[in-house]
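Below is one structure, written out as structure tokens; the observations come after it.
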Amino acid sequence: MARSDEAAAFFHAVYSAVQEIPHGKVTSYGHIAKLVGTPQRPRQVGVCLKHLPSDTAARFNHANVPWQRVINAKGVISPRSQPSGTLNQAAALEAEGVVVTAGALGELSVDLGEFGWFPRLLPSEEAAGLVPQDSDDDEDEDDE
DNA sequence: TCTCTGACTATAA
DNA sequence: CTTATAGCCAGAG
């Protein structure tokens with residue numbers, strides 16, 4: 001039963017990490033996987049979100065976990081079995097102020113704008129110098 | 001118990 | 001740029 005216990009811990013960690021994503025921003029499955037200490041299991045992160053209960057009475061549910069803010073590393077909403085779910089996620093993101101562009105192939109690309117990513121991009125992206133990296137020490141935050 | 005699938009990603013060609 | 005491949009491992013049948 002230790003296995004199930006570990007699995008529960010993993011689910012818990014994933015949901016907690018997703019809750020850390022600020023409003024109006026997104027991150028990738030891989031990033032969540034790294035946050036929970038298992039950078040090689042981005043797929044399982046997807047499994048966790050798929051199993052995210054809709055019951056609002058549950059500790060983690062569709063209402064308190066911003067599952068919609070999790071997309072794939074390509075900056076696109078991962079297409080899953082049910083296209084309706086993808087569209088649903090796109091709608092949810094739009095509602096949060098995130099701009100989603102529909103590609104010719106029906107792929108829903110998230111417009112990161114300057115930088116809509118939560119903490120930062122993957123190491124590869126960092127090395128590429130694509131990180132905005134707030135210049136200066138001027139710290140300012142505005143939230144509605 | 002085995003097999004197949006999948007809300008992923010990095011790397012190679 | 002696109003396509004193929006190899007890891008990863010939790011569910012569902």
Side-chain angles (χ1 to χ4, degrees), chain A residues 1-135 139 141-144:
Chain A
M1 47 202 321
R3 293 291 179 178
S4 45
D5 196 41
E6 289 179 29
F10 181 77
F11 272 61
H12 181 111
V14 169
Y15 294 143
S16 297
V18 173
Q19 289 180 321
E20 298 291 315
I21 306 174
H23 175 91
K25 294 195 176 183
V26 297
T27 193
S28 65
Y29 297 93
H31 194 133
I32 298 298
K34 275 204 279 194
L35 290 179
V36 301
T38 56
Q40 312 221 177
R41 295 165 215 168
R43 273 191 132 164
Q44 275 29 311
V45 174
V47 173
C48 291
L49 295 179
K50 183 159 71 173
H51 283 255
L52 184 62
S54 52
D55 180 7
T56 54
R59 167 134 78 159
F60 296 107
N61 57 70
H62 253 253
N64 62 24
V65 178
W67 58 275
Q68 51 205 36
R69 297 176 192 157
V70 183
I71 62 179
N72 64 26
K74 293 185 281 294
V76 178
I77 297 176
S78 297
R80 67 253 182 221
S81 323
Q82 292 296 306
S84 55
T86 310
L87 295 174
N88 184 24
Q89 181 172 3
L93 285 175
E94 289 273 344
E96 304 219 337
V98 178
V99 179
V100 179
T101 305
L105 300 178
E107 57 188 52
L108 299 172
S109 309
V110 175
D111 183 356
L112 303 175
E114 285 306 301
F115 233 67
W117 292 95
F118 164 33
R120 59 196 54 186
L121 290 179
L122 302 173
S124 323
E125 310 281 30
E126 280 190 68
L130 297 178
V131 180
Q133 206 60 268
D134 283 70
S135 52
E139 180 92 18
E141 57 243 50
D142 65 315
D143 206 302
E144 59 281 353

Quick one, which residues of residues 54-68 of chain A touch DNA chain B with a heavy atom under 4.0 Å?
-> Trp67(A)
Which parts of nucleotides 6-13 of chain C does protein reach within less than 4.0 Å, heavy atoms only, written one letter per nucleotide 5' to 3' as B for base, S for sugar-phosphate only and - for none?
-> -BBBSSS-
Would you please name every residue forming a ring-ring contact (aromatic ring centres under 6.0 Å, His included) with His51(A), sequence neighbours left out?
-> none
Checking all strands, does Pro79(A) fall into the base, sugar-phosphate, or nothing category for heavy-atom contacts under 4.0 angstrom?
-> sugar-phosphate
Residue pairs meeting salt bridge (charged side-chain N to carboxylate O under 4.0 Å, His left out), one or both in residues 38-62 of chain A, sequence neighbours left out, come to none
Quick one: Glu107(A) CD to dC1(C) C1', roughly how many Å, whole number?
-> 13 Å
What are the two closest non-hydrogen atoms of Pro39(A) and Pro42(A), and how far apart are they?
-> O-CD, 4.0 Å
Could you pull out every donor-acceptor pair under 3.5 Å between side chains of residues 65-77 of chain A and any protein atom, sequence neighbours left out?
residue	atom	partner	partner atom	Å
Trp67(A)	NE1	His62(A)	ND1	3.0
Gln68(A)	NE2	Glu96(A)	OE2	2.9
Arg69(A)	NE	Glu96(A)	OE1	2.7
Arg69(A)	NH1	Ile21(A)	O	2.9
Arg69(A)	NH2	Glu96(A)	OE1	2.8
Arg69(A)	NH2	Glu96(A)	OE2	3.1
Asn72(A)	OD1	Lys74(A)	N	3.0
Asn72(A)	OD1	Gly75(A)	N	3.3
Asn72(A)	OD1	Val76(A)	N	2.9
Asn72(A)	ND2	Val76(A)	O	3.0
Asn72(A)	ND2	Ser78(A)	OG	3.3

Considering all heavy atoms, the nearest Asn64(A)-Ala58(A) contact | ND2-O, 4.2 Å
Could you give the distance from CD (Gln89(A)) to CG (Leu108(A)), rounded to the nearest 0.5 Å?
-> 8.5 Å
Ser81(A) near the nucleic acid: base, sugar-phosphate alone, or nothing, with a heavy-atom cut-off under 4.0 Å?
-> sugar-phosphate
Roughly how many Å is it from CD in Gln82(A) to P in dT5(B), rounded to a whole number?
-> 17 Å
Taken in chain and number order and not counting sequence neighbours, the residues that satisfy ring-ring contact (aromatic ring centres under 6.0 Å, His included) with Phe60(A) are His12(A), Tyr15(A)
Distance, rounded to the nearest Å, where Lys50(A) contributes NZ and dG6(B) contributes P | 8 Å
Leu112(A) side chain near Val26(A) side chain, heavy-atom distance below 4.5 Å | yes
dA7(B) P sits how many Å from Leu87(A) CG, rounded?
-> 14 Å
